Amino acid sequence: MKPGLFDYFTPTSIPETLELLREYGGDAKVLAGGQSLVPMLNFRLARPAQLVDINHVAGLDGIAVEDGTLRIGAMTRQRTLEANPTAEGAWGLLHEAVGHVGHVQIRTRGTVGGSLAHADPAAELPAAVSALGATLVVQRADGTREVAPEEFFEGYFTTSLAEDELLTEIRVPAWPSGTRSCFLEVSRRRGDFAQVAVAAVVARSDGRVTRAGVALAGAAASTVQAHSIVDGLIGSEPDAGTIAELAGNFAAELDPPPDIHGPAEYRRHLARHLLQRALAEATGTPGAARTSAA
Ligand code: FAD
């Protein structure tokens with residue numbers, strides 16, 4: 001199949017892009033890396049009247065650390081993030097997660113912002129930015145808003161982005177030194193979307209957990225944050241039993257949509273084991289990964 005007819009715009013600045021989105025709104029689509037949108041155009045699952053190609057817009061890509069915050073431009077290629085040495089410590093979770101996205105050819109074109117805006121519930125980057133407590137910067141012609149991941153990811157391929165809004169930047173906060181992170185995924189083949197993936201970040205001081213973030217992909221209609229696990233970890237000195245209990249209780253509450261690769265129970269099973277292993281690694285709790293969660 002070939003795409004339907006559309007007008008094609010190549011703005012070179014953010015204000016120009018925002019004006020186009022204001023003018024054409026719901027009839028227009030933003031084109032970033034095209035790794036999801038172009039197949040949708042070709043299959044005519046998306047039929048925009050205008051395509052706003054943001055590949056030539058200045059100021060939308062690049063990775064920088066400012067005042068302790070990691071700032072990632074929305075048009076930063078996934079491969080650039082994967083190769084960037086600033087994403088270390090807790091931010092290393094982004095490295096781990098992005099390495100699971102498709103194959104190198106896809107990551108070379110695909111963008112960080114495109115992955116978030118596309119909001120595939122099985123995508124890795126939404127889970128990673130959720131666990132890290134990132135802020136998503138969204139602009140429209142008449143203003144800017146900063147959105148937490150939980151307000152951004154609304155459901156199955158759905159975000160809170162309005163038709164005239166552009167995701168411009170992802171800001172990842174600093175975590176204490178010594179923070180540990182872990183990203184684990186089960187997929188049918190290397191490079192496939194996650195059947196289930198878990199992103200976990202844990203900071204400890206004097207043995208006690210002081211801060212944590214845990215999020216899952218592939219376990220619900222949207223990226224899901226494991227608040228009950230975070231609440232259970234904060235202030236504790238977790239051991240293998242605590243981790244097994246938190247993982248088991250959280251997974252039991254999940255209601256993942258079944259698909260051709262397995263029933264909901266299979267995904268709950270994956271979630272429980274991946275959570276247990278990821279939490280063991282992120283908390284630095286030897287033996288927790290091997291404890292059976294009832
Ligand atoms: P595009 O395809 O250009 O756009 C996607 C959507 O986001 C469109 O609706 C577009 O309008 C919107 N959009 C893009 N950027 C912005 C922005 N800045 N502001 C507002 N809206 C915006 N992804 C995974 O996570 N995991 C995988 O394992 C995986 N495997 C893949 C395997 C294959 C074979 C292919 C083709 C893709 C795979 N992908 C996977 C998808 C890939 O990660 C895409 O890069 C990503 O989903 C979309 O990013 P993009 O930059 O290509 O966006």
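Index from 1, following the sequence. Treat the numbers as computed from the prediction; the structure is a model and nothing was measured. Each ligand, and each atom within it, is numbered from 1 in the order the structure gives.
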Just distances here: any N/O of E165 and N/O of ligand 1 closer than 3.5 Å? no
Identify the protein heavy atom lying closest to atom 40 (C) of ligand 1, giving its residue, its atom name and the separation to 0.1 Å. F193 CZ, 3.1 Å
For G110, take its heavy atoms, then give the atoms of ligand 1 lying under 4.0 Å from any of them. 45 (O), 51 (O), 52 (O)
For R109, is at least one N or O under 3.5 Å away from an N or O on ligand 1? no
Provide, to 0.1 Å, the distance between atom 18 (N) of ligand 1 and the closest protein heavy atom, together with that atom's residue and name. L167 O, 2.9 Å
Taking only heavy atoms of G102 into account, list the atoms of ligand 1 that are under 4.0 Å away from them. 27 (C), 28 (O), 29 (C), 30 (N), 31 (C)
Counting non-hydrogen protein atoms only, what is the nearest one to atom 50 (P) of ligand 1? Give residue, atom name and distance. G33 N, 3.5 Å
Closest to atom 45 (O) of ligand 1 (judged by heavy-atom distance), picking from Q78, Q139, E185, H103: Q78
How far is atom 13 (N) of ligand 1 from its nearest protein heavy atom, and which residue and atom is that? A117 CB, 3.6 Å
Aromatic rings H273 and H269: how do their planes relate, parallel, tilted or perpendicular, breaks at 30° and 60°? tilted
With a 6.0 Å cut-off (strictly less than), is the heavy-atom count around CG of L45, excluding the residue itself, greater than 12? yes
For Y8, is the OH atom crowded, meaning more than 12 foreign heavy atoms sit under 6.0 Å from it? yes
Quick check on M75 - does any of its heavy atoms sit under 4.0 Å from an atom of ligand 1? no
When rounded to the nearest 0.5 angstrom, what is the spacing between NZ in K29 and CG in L21? 11.0 Å
With heavy atoms and a 4.0 Å threshold, my read on which part of H100 contacts ligand 1 is backbone
Smallest heavy-atom separation, H95 atom then N84 atom, equals NE2-O, 2.8 Å
Identify the protein heavy atom lying closest to atom 1 (P) of ligand 1, giving its residue, its atom name and the separation to 0.1 Å. G34 N, 3.4 Å
Within-cut-off N or O pair, A32 and ligand 1, under 3.5 Å: yes
Checking side-chain polar atoms at under 3.5 Å, does D239 have a donor or acceptor matched by the opposite partner on T242? yes
Regarding ligand 1, does L166 bring an N or O atom to under 3.5 Å of one of the ligand's N or O atoms? no
In ligand 1, the atoms that come under 4.0 Å of a heavy atom of G114 are 7 (O), 14 (C), 15 (N), 48 (C), 49 (O), 50 (P), 51 (O), 53 (O)
If I apply the N/O under 3.5 Å rule, does V38 come out as touching ligand 1? no
Which heavy atom in T76 sits nearest to a heavy atom in G62, and how many Å separate them? OG1-N, 3.0 Å
Derivation and outcome, salt bridge (charged side-chain N to carboxylate O under 4.0 Å, His left out), residues R140 and D142: CA-CA 5 Å; R140 68 200 303 170; D142 59 3; 3.5 Å; yes
When rounded to the nearest 0.5 angstrom, what is the spacing between OG in S187 and NE2 in H261? 10.5 Å
Less than 4.0 angstrom from a charged side-chain N to a carboxylate O is my criterion; do R145 and E165 meet it? yes
Flag A74 as yes when one of its N or O atoms lies below 3.5 Å from any N or O atom of ligand 1, and as no otherwise. no
Over all atoms of both residues, closest heavy-atom pair of V198 and A278: CG1-CB, 3.7 Å
With side-chain contact (heavy atoms from CB on, under 4.5 Å) as the test, pick out the partner of Q35 among R107, R109, Q105. R109
Shortest reach to atom 9 (O) of ligand 1 by a heavy atom, considering only E163, R77, K29: K29
Side-chain heavy atoms under 4.5 angstrom apart, residues restricted to Ile, Leu, Val, Met, Phe, Trp, Tyr: same cluster for I54 and L81? no
Output yes when R267 and E265 qualify as a salt bridge under the 4.0 Å nitrogen-oxygen rule, no when they do not. no
A123 neighbourhood, listing ligand 1 atoms whose heavy-atom distance to it stays under 4.0 Å: 25 (O)
Quick one: look up the protein heavy atom nearest atom 52 (O) of ligand 1 and list residue, atom name and how far away it is. Q35 N, 2.8 Å
According to a 4.5 Å side-chain heavy-atom criterion applied to Ile, Leu, Val, Met, Phe, Trp and Tyr, with indirect links allowed, do V52 and M75 form part of one hydrophobic cluster? yes
If you count the atoms of ligand 1 from 1 in the order shown, which ones are under 4.0 Å from a heavy atom of G191? 28 (O), 30 (N)
Option with minimal heavy-atom separation from atom 51 (O) of ligand 1, where the choices are I170, T111, V138: T111
Check this for me - ligand 1, L161, N or O atoms closer than 3.5 angstrom, yes or no? no
heavy-atom search around atom 41 (C) of ligand 1 in the protein gives S36 OG, 3.6 Å
Is L37 in polar range of ligand 1, meaning some N or O pair under 3.5 Å apart? yes
Check each atom of ligand 1 against the heavy atoms of E124 and keep those under 4.0 Å away; list them by number with element. 24 (C), 25 (O), 26 (N), 27 (C), 28 (O)
Quick note on ligand 1: atoms under 4.0 Å from a heavy atom of D192 include exactly 28 (O)
Angle class for the H100/F183 ring planes (parallel below 30°, perpendicular above 60°, tilted otherwise)? tilted
Geometry only, no angles: is I106 polar-contacting ligand 1 at N/O separations under 3.5 Å? no
Considering all heavy atoms, the nearest L93-A128 contact: CD2-O, 3.8 Å
Look at atom 11 (O) of ligand 1 and say which protein heavy atom is nearest, naming residue and atom and giving the distance to 0.1 Å. V30 O, 2.6 Å
